2 protein chains.
Amino acid sequence: MLDPVSRVRRFNRAVTSAVGALDTSFLGRGRPLGAARVLNAIGHGRADVGEIRDYLGLDSGLMSRLLRSLEDEELIETTAHENDARRRIAKLTAAGKREFNAYEAISNRQAKDFLAHHSQREALLAAMDLIASALGRDATALHEMDPRSDEARYCLGEYYAELARRFKQGFDVKLSRDPDAKDMVRPRGSFIVAMSDGLPLGCVGLKGTSAEYAEIKRLWVAPAARGLGLGRRLMDAAEHAARELGIVLLRLDTNSALAEAGQLYRRTGWTEIPRFNDDPYPDLFFEKRL
Amino acid sequence: MLDPVSRVRRFNRAVTSAVGALDTSFLGRGRPLGAARVLNAIGHGRADVGEIRDYLGLDSGLMSRLLRSLEDEELIETTAHENDARRRIAKLTAAGKREFNAYEAISNRQAKDFLAHHSQREALLAAMDLIASALGRDATALHEMDPRSDEARYCLGEYYAELARRFKQGFDVKLSRDPDAKDMVRPRGSFIVAMSDGLPLGCVGLKGTSAEYAEIKRLWVAPAARGLGLGRRLMDAAEHAARELGIVLLRLDTNSALAEAGQLYRRTGWTEIPRFNDDPYPDLFFEKRL
DNA sequence: AACGATATCTGACTAAAGTCAGATATATGC
DNA sequence: GCATATATCTGACTTTAGTCAGATATCGTT
């Protein structure tokens with residue numbers, strides 16, 4: 001019925017009015033929106049005045065005045081940056097924290113109300129994740145993390161669940177050569193998680209071995225982030241880490257049921273090689289020389 | 001990883017900045033946002049000044065001044081309403097149409113760019129439809145329409161395609177007792193389409209027969225709008241139309257593969273009855289006395 | 001014709017947002 | 001130590017948005 005462009009525009013209209021409603025509800029605390037936005041940025045952990053100014057896109061004069069008004073209300077305190085006294089660091093006072101929590105409560109209540117009014121919760125949340133990831137694609141950052149961190153374990157859990165769905169014979173992590181976490185931290189290896197605004201969207205492990213090669217393991221991209229080139233970015237980061245560690249040969253195993261992954265490897269300079277382990281799940285093996 | 005409320009809030013943040021970007025790009029045409037919004041409302045066919053004011057949520061004084069500034073630019077003309085000289089009707093001039101088209105081009109380009117940057121087009125569009133429908137749920141309006149209209153035919157096409165997917169044996173409309181369109185227009189029957197901001201989201205037909213009952217046919221709700229109570233609203237509207245037409249007994253047939261539909265009927269006062277036709281697809285039959 | 005209701009307009013305001021040219025203090029490189 | 005760059009602040013503005021109390025014209029009803 002509607003062409004794709006009209007559908008995107010319909011979405012924009014729907015969302016514009018919803019965003020407007022959120023803004024208006026913030027006005028209920030008797031503070032202009034600009035000041036509320038600065039207070040919330042600080043509450044969410046942004047401390048550097050310049051960073052807040054960039055994030056909110058404000059003129060430096062305006063920013064300065066907004067900070068002053070929040071200081072007059074005794075909601076924030078500013079101090080000089082310890083290494084650079086030109087820069088200012090803003091921090092919530094106790095009263096500021098209370099006020100910030102009140103804003104948080106408004107936001108949480110609105111989100112909760114929205115969810116409560118819709119019986120399709122999971123479908124709706126999945127759609128929101130997908131769109132937020134697509135819009136925030138440029139904001140997706142890769143972080144090297146311990147594979148035992150919450151974020152990494154969340155990714156691995158999702159990864160295993162997906163393998164169980166996609167492999168005809170299911171998937172049991174215990175049957176697979178589960179890479180020891182210690183092989184995926186420096187200096188033997190690395191583990192990289194893609195984070196977008198607090199949500200882990202993908203991961204990849206670089207596992208050091210006792211052989212002359214290192215292995216790429218656990219490449220996973222959240223359904224909400226597929227098609228955005230994140231797999232490619234994760235692989236590039238893993239290769240980069242390998243180079244830093246002086247690794248010259250990489251190997252990986254995969255399964256032909258994971259078609260997207262196979263395509264990615266072929267497109268990025270990997271060559272198929274014969275089986276090099278006895279893991280029961282993989283049926284495709286690749287190698288890349290750095 | 002993230003709880004549902006955080007996921008909704010992540011979506012809100014992502015979308016707020018995207019909406020902000022759209023607004024800023026509108027400023028490129030050298031007109032304040034308020035005036036641009038009024039011009040666009042008129043361009044999109046809203047003519048009645050009061051209606052525009054309600055739609056944009058403006059104060060009457062502000063609205064009046066915005067109209068005046070657009071008139072000064074010779075982008076619009078206003079005339080009195082032909083039946084009520086208190087009301088004013090706004091219309092684009094030739095220059096106004098050019099200007100409106102320029103705004104349209106900005107919006108279209110942004111939507112196109114967004115789509116061009118994402119390979120997951122269909123998934124993204126489906127997610128946008130779902131969210132736009134959920135947000136605009138209150139704005140979904142039911143319209144009685146000719147079953148041969150574009151909107152109705154779009155719904156029926158989607159309905160048949162879905163039956164073909166969900167029935168084990170497929171679905172061929174020719175094998176089914178395809179209700180004659182004439183039986184679904186007044187005074188014999190009715191056909192109702194749910195429209196949300198230009199997108200048809202569901203339909204239902206009330207088909208007059210030569211027997212002592214009328215039939216409910218073709219109840220369909222778009223995947224993007226399920227769980228919002230639209231099926232219920234459509235059925236209520238069909239019953240309302242039936243009462244207006246003096247119909248006292250309704251029947252319908254359905255298939256047990258369409259579980260949601262069966263549940264809806266049972267919950268809303270329909271009673272199961274024996275087979276009353278020889279259509280090959282249905283295996284469940286209901287009746288309701290008005 | 002008179003009344004109250006309705007739609008829009010005008011004038012007089014206020015608040016918020018945004019702009020811009022310096023001023024001030026500090027950092028960095030030579 | 002000095003010139004230059006950087007980060008923030010201050011003062012003096014403009015623009016936009018929004019509010020509110022009447023004024024004006026018209027409508028519908030009696």
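The chains referred to below are lettered A, B, ... by the order of the sequence lines, with proteins before strands, and numbering in each begins at 1. Quick caveat, the model's predicted, so the values are computed rather than measured.
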Give the ring-plane orientation class for Y103(A) versus F26(A), where under 30° counts as parallel, over 60° as perpendicular and anything between as tilted.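 Tilted.
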Counting only heavy atoms not in R109(A) (residues, nucleotides, ligands), do more than 12 fall under 6.0 Å from its CZ?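 At most 12 heavy atoms, drawn from other residues, nucleotides or ligands, come within 6.0 Å of this atom.
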Give a yes or no on this: more than 12 heavy atoms of other residues, nucleotides or ligands lie within 6.0 Å of atom NE2 of H240(B). no
Choose from [options] the nucleotide whose nearest atom is closest to any side-chain atom of [X].
X      : options                   : value
D84(A) : dT26(C), dC20(C), dT8(C)  : dT26(C)
L33(A) : dT8(D), dT16(D), dA17(C)  : dA17(C)
S64(A) : dG18(C), dT10(D), dT26(D) : dT10(D)
S60(A) : dT8(D), dG18(C), dT10(C)  : dT8(D)
L67(B) : dC27(D), dC9(C), dA17(C)  : dC9(C)
R65(B) : dA17(D), dA12(C), dA7(D)  : dA12(C)

[X] [atom1] to [N] [atom2], straight-line distance once rounded to whole Å:
X      : N       : atom1 : atom2 : value
L58(A) : dA7(D)  : CG    : C1'   : 15 Å
E51(B) : dA7(C)  : CD    : P     : 13 Å
I52(B) : dA7(C)  : CD1   : P     : 14 Å
L62(A) : dT19(C) : CG    : P     : 9 Å
N83(A) : dT6(D)  : CG    : P     : 18 Å
M63(A) : dA16(C) : CE    : P     : 18 Å
E82(A) : dT26(C) : CD    : P     : 16 Å
R87(A) : dT28(C) : CZ    : C1'   : 14 Å

Under-4.0 Å side-chain N/O to phosphate OP1/OP2 contact, [X] with [N]:
X      : N       : value
R53(B) : dT8(C)  : yes
R88(A) : dA7(D)  : no
R68(B) : dT10(C) : yes

I'd like to know if R68(A) and D72(A) make a salt bridge, using a cut-off of under 4.0 Å between side-chain N and carboxylate O.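 Looking at R68(A) and D72(A), the cut-off is not met.
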Can a salt bridge be assigned to the pair R9(A) and E104(B) using a cut-off of 4.0 Å between side-chain N and carboxylate O? yes
Less than 3.5 Å between a donor and an acceptor, one on the side chain of R86(A) and one on the base of dT8(D), is that the case here?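 Looking at the base of dT8(D), it does not pair with any donor or acceptor on the side chain of R86(A) (distance under 3.5 Å).
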Taking for G61(A) and for A35(A) the nucleotide of DNA chain C with the nearest heavy atom, the one nearer the 5' end belongs to A35(A)
